[in-house]
Amino acid sequence: RICVITLAEAHPLLQSGKTITNINYQISANCSRLQNKVSGKSKRTRLFIFQMQGAQFLTELAPLCRISSSDGEEYTIYSCIRGRLIEVNENILSNPALLQEKPSTEGYIAVVLPKFEESKSITQGLLTQKEYEEVLLKRRSSAS
């Protein structure tokens, strides 16, 4: 029921051999994802139920961070999921190469918890690996 936000394997930062120079969780003058402080407790029943306070609420278009590369390009990474920001990966701040070397494990960007009522519709709207590969194939075909 949680969503781990990572770079897609087709993201330009993973395709072009670029070097990541900076990762910034400061979204605006008044909003830093690093200031997200989640507190609360979980109760074990048939499902885990989290009671959270202080977690930032994200929409699908909410920026999570900005990543700069050595060629001067800057990429804004968006949540893509409505929910509460549980955690950002501070390890990538001191070791940005994790984003490229281990993008789906230690190089994750953030963890988001969707509203329980919305989690099923979010899951149903996701692409399978095969569907994702077909989308990439179509993109590459139309670009050439």
Side-chain angles (χ1 to χ4, degrees), residues 1-16 18-43 45-69 71-143:
R1 178 159 126 59
I2 65 168
C3 297
V4 180
I5 311 298
T6 65
L7 288 178
E9 65 183 51
H11 195 282
L13 283 166
L14 301 182
Q15 295 299 309
S16 60
K18 295 182 180 192
T19 302
I20 296 173
T21 57
N22 185 44
I23 299 163
N24 191 352
Y25 283 110
Q26 185 75 37
I27 301 309
S28 69
N30 298 325
C31 181
S32 171
R33 300 299 182 208
L34 290 173
Q35 293 174 342
N36 186 65
K37 300 296 178 209
V38 179
S39 64
K41 57 184 176 182
S42 66
K43 229 181 356 178
T45 58
R46 217 171 117 186
L47 299 170
F48 282 104
I49 299 171
F50 293 91
Q51 297 171 338
M52 298 179 304
Q53 296 176 335
Q56 296 174 12
F57 185 79
L58 304 171
T59 64
E60 298 92 329
L61 301 175
L64 288 171
C65 67
R66 291 188 176 82
I67 303 173
S68 302
S69 64
D71 64 357
E73 291 286 329
E74 182 178 86
Y75 301 90
T76 301
I77 308 301
Y78 297 92
S79 170
C80 302
I81 302 274
R82 282 174 37 92
R84 298 229 177 251
L85 180 61
I86 301 301
E87 161 185 337
V88 295
N89 185 1
E90 294 184 40
N91 294 329
I92 61 175
L93 296 173
S94 58
N95 188 3
L98 285 173
L99 278 172
Q100 294 165 311
E101 295 167 4
K102 299 179 179 184
S104 57
T105 57
E106 296 169 49
Y108 72 96
I109 295 167
V111 178
V112 177
L113 181 67
K115 285 185 175 180
F116 183 76
E117 316 78 66
E118 295 178 8
S119 59
K120 188 172 184 177
S121 66
I122 289 170
T123 305
Q124 290 172 341
L126 297 175
L127 299 177
T128 65
Q129 183 67 30
K130 185 177 180 183
E131 291 169 332
Y132 174 68
E133 289 168 0
E134 289 170 2
V135 168
L136 292 179
L137 191 60
K138 286 178 188 174
R139 278 187 196 166
R140 289 182 188 127
S141 297
S142 65

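- In this structure E74 satisfies the side chain to side chain donor-acceptor pair (under 3.5 Å) test with no other residue, sequence neighbours excluded.
- K138 pairs by the side-chain contact (heavy atoms from CB on, under 4.5 Å) definition with nothing, not counting sequence neighbours.
- Checked against salt bridge (Lys or Arg N to Asp or Glu O under 4.0 Å), R33 has no partners two or more places apart in sequence or in another chain.
- Applying the ring pair (Phe, Tyr, Trp, His ring centres under 6.0 Å) rule to pairs touching residues 86-109 yields nothing, sequence neighbours excluded.
- Among residues two or more places apart in sequence or in another chain, the ring-ring contact (aromatic ring centres under 6.0 Å, His included) test is passed with Y78 by none.
- For Q129, the side chain to side chain donor-acceptor pair (under 3.5 Å) test picks out E133, with sequence neighbours left out.
- A search for side-chain contact (heavy atoms from CB on, under 4.5 Å) contacts involving P96 returns I20, I23, not counting sequence neighbours.
- Listed by first and then second residue, the salt bridge (charged side-chain N to carboxylate O under 4.0 Å, His left out) pairs involving residues 2-14 amount to none (not counting sequence neighbours).
- Evaluation of the salt bridge (Lys or Arg N to Asp or Glu O under 4.0 Å) rule for E106 yields K102 as partners, not counting sequence neighbours.
- Qualifying side-chain contact (heavy atoms from CB on, under 4.5 Å) partners for S104, counting only residues two or more places apart in sequence or in other chains: none.
- Listed by chain and residue number, K120 satisfy the side-chain contact (heavy atoms from CB on, under 4.5 Å) test with Q124 (two or more places apart in sequence, or in another chain).
- Residues satisfying the side chain to side chain donor-acceptor pair (under 3.5 Å) test with Y75, not counting sequence neighbours, are K18.
- With hydrogens and angles ignored, the 3.5 Å screen pairs a side-chain donor or acceptor of Y25 with a backbone N or O of N89.
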